[in-house]
Amino acid sequence: MKLLNRATAYFAVLLLVVLSAWAALFYYNMLDEIYDSIDDGLENQKILVMQKALQDSTVLAQREFEAGYYQVKELPFNLAVNRKDQYRDTLMYMLNEKDYEPVRLLVTVFQQGGRYYELRVITSMVEEDDLIEDLLYSLLWLYLGLLVSLLTLNNLVLKSIWQPFYQILHRLQRFRLEKGEALPPVKTNIEEFRLLHETVDKLLQSNIDTYNSQKAFIENASHELQTPLAISLNKLELLVEKEGLTEEQMLQLGAVMQHLGRLSRLNKSLLLLSKIENRQFQEMGPVNLQEIVRQALADLGDQIEYKELQVSVQEEPCLVQVNPDLATVLVYNLLKNAVVHNVQGGFLNLHLTAQALVLENSGKDQALDTQKLFSRFYKEASVSGSTGLGLAIAKAICDLYGFSIRYRYQQAHLLEVTF
Amino acid sequence: MKILVIEDEPAMLENMVSSLKQEQYMVESASTFDLALEKVSLYDYDCILLDITLPDGNGLELLEELKKQQKTDGVIIVSAKDSLDDKIAGLEMGADDYLPKPFHMAELHARVKSVLRRRKFEGNNLLQLQNLQIDLDKHEVQVAGQELTLNRKEYDILLYLATNKDRLVSKTALAEHVWGDYIDQADNYEFIYSQIKNLRKKLKDHCAEIEIQAIYGIGYKLVIV
């Protein structure tokens, strides 16, 4: 639920409660006032009737209401004493409405000529159900009117007030750490939004700095490791040429050389990855992947033959605007991946069109973890020699040029790069 | 044969010098740009191994200086930068070869020998090992006058091992030289073995007086029988 809508919803509920309370209060106050003035009117009429009765004795013979608004009835003394005026609501048949309608009735007792009379005076009353209905309708309209104004207010005024907030939000959504762009300034004179922008900006900046220093660290570390690694390897190469080493010693040295070699390759791959991510491959050109694919298949021919793979290739010319070295690395990494992780006597299908490069190969009878496949150092335990960086590098190259790289498992492992 | 190694990293320099000395070359070294400039101006070398990044200057400037002095020393650029720009610039300025760091000693020897051969034996580019003769221009091999038919990989392996005669060549060095840098991901080089096996068989069938020995899981060595 959006922030603005939530605020509106709260307002709507609050308004309903407040308006209902107000309506009840208003209704009873108004009703009270109406009774008050009606009762005053009845009292006045009582006095008028009593004055009239003094002049005209027929008034005292008015037994029923038919002729007027009052009736008089003689009372014996014992019933008449200690009687107070009584105001009562009652129903009476109205000819115009053809229905019983509420009327206000005053019952009083007066004395004239030594006799006691009971006088009943009536006057027509406000119809409460009509009053309530009218009030309800008015309230409903008021409520709806208020809601509409509230929504309009939210949409026009609040939205424009919250604009900087949404701008910051939108930019945060598009923020990519590896691009390292700070938030562009947001124009606002609202204190909170300015604070929000400053805080977010500071946070992002520190993240960017950390990311950059980490990246620089990896790059520097790889670079600094290169020379000692090369020297150690060369020293070992010199050492194994020396006479007088036993077979056991040679085997040990061989193992050390192998591991150092792996370390050196790992290092090279990390360096390459850093360079790709730092966009140090500037030179671009139209590269025909078909040629690279052919060359790669030829170069890896011995490995393919050794693994006795059934290779099927469908290729078309495919021109892409990339750095030629990176194009080569991409194709070789994908192809090597399909060969190295294949099984003895398996198959390898390569399909190159102008839009996509698809590699399908046999391997472990199980889908790989799509989440981790392209992350650094993800590898199968069974292939000890792989650096676990091949696909991470392929992914970095694809990301650099906006290609998409996807993995699927359908009886075979399928990697697809779309240009 | 006189070789000058220009390299500022002492351990690296020591490795290169001691390895080259084993081949009976006269090896001199320089660890700064100024020292290197002095040496190349005073003496002539058959081959110069030139590190581009020196503490007091760019190796490429040294290359320019050689050209200015109309020297014909063979130059192999050795660089840790591994950048294509340096490679192209160096080769355009007259360097004979470009060797990116890190490298295997076997690779260094192969490159040095190749440069030396090109300088010394123009037109007659043959490598003779007992009764085996490799024609480097025609890519042909003869054993006692009889042609030995090899596929490209077998030829490359034989030439590389022959260049590094009596030296132990690691499997990695061999794989990277023959199959290219991109081979690096595959740690097991078992596929090399099948090529070596074929090559050995062919050499034996033709009664070549050389032999390829496998050395304890490290690599191979070509020796004279």
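First the proteins, then the strands, lettered A, B, ... as listed; each starts at 1. Given the structure is predicted, the values throughout are model-derived calculations rather than measurements.
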Salt bridge or not between [X] and [Y]? Use side-chain N to carboxylate O under 4.0 Å.
| X | Y | value |
| --- | --- | --- |
| A:Glu237 | A:Lys242 | no |
| B:Lys39 | B:Glu28 | yes |
| B:Lys221 | B:Glu211 | no |
| B:Lys101 | B:Glu7 | yes |

Quiz item: Under a 4.5 Å heavy-atom cut-off, does chain A meet the side chain of B:Lys171, its backbone, both or neither?
Solution: neither
Quiz item: Within residues 10-19 of chain B, which positions have a heavy-atom distance to chain A below 4.5 Å?
Solution: B:Ala11, B:Met12, B:Glu14, B:Asn15, B:Ser18, B:Ser19
Quiz item: For chain A, which residues of residues 102-112 of chain B have at least one non-hydrogen atom nearer than 4.5 Å to it?
Solution: B:Pro102, B:Phe103, B:His104, B:Met105
Exercise. Determine whether the side chains of A:Glu248 and A:Gln252 contain a donor N or O and an acceptor N or O closer than 3.5 Å.
Key: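 Indeed, the side chains of A:Glu248 and A:Gln252 share at least one donor-acceptor pair under 3.5 Å.
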Quiz item: Any donor-acceptor pair under 3.5 Å linking the side chain of B:Asp51 with the backbone of B:Ile6?
Solution: no
Exercise. Ignoring hydrogens and angles, tell me if any N or O in the side chain of A:Asn267 forms a donor-acceptor pair with the backbone of A:Leu263 under 3.5 Å.
Key: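 It does not hold such a pair.
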Self-check item: Derivation and outcome, side-chain hydrogen bond (donor to acceptor under 3.5 Å, both in side chains), residues B:Tyr25 and B:Asp46
Solution: CA-CA 10 Å; B:Tyr25 299 129; B:Asp46 297 295; over 6 Å; no
Quiz item: Which answer fits A:Met250, side chain, backbone, both or neither, if we ask what part of it has an atom under 4.5 Å from a heavy atom of chain B?
Solution: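 A:Met250 touches chain B through backbone and side-chain heavy atoms alike.
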Quiz item: Looking at residues at least two apart in the chain, or sitting in another chain, which of them share a ring pair (Phe, Tyr, Trp, His ring centres under 6.0 Å) with A:Phe217?
Solution: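 A:Phe217 satisfies ring pair (Phe, Tyr, Trp, His ring centres under 6.0 Å) with no residue once adjacent residues are dropped.
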Quiz item: In chain order, what residues pass the side chain to side chain donor-acceptor pair (under 3.5 Å) check against B:Gln130, with sequence neighbours excluded?
Solution: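 Partners of B:Gln130 under the side chain to side chain donor-acceptor pair (under 3.5 Å) test: none.
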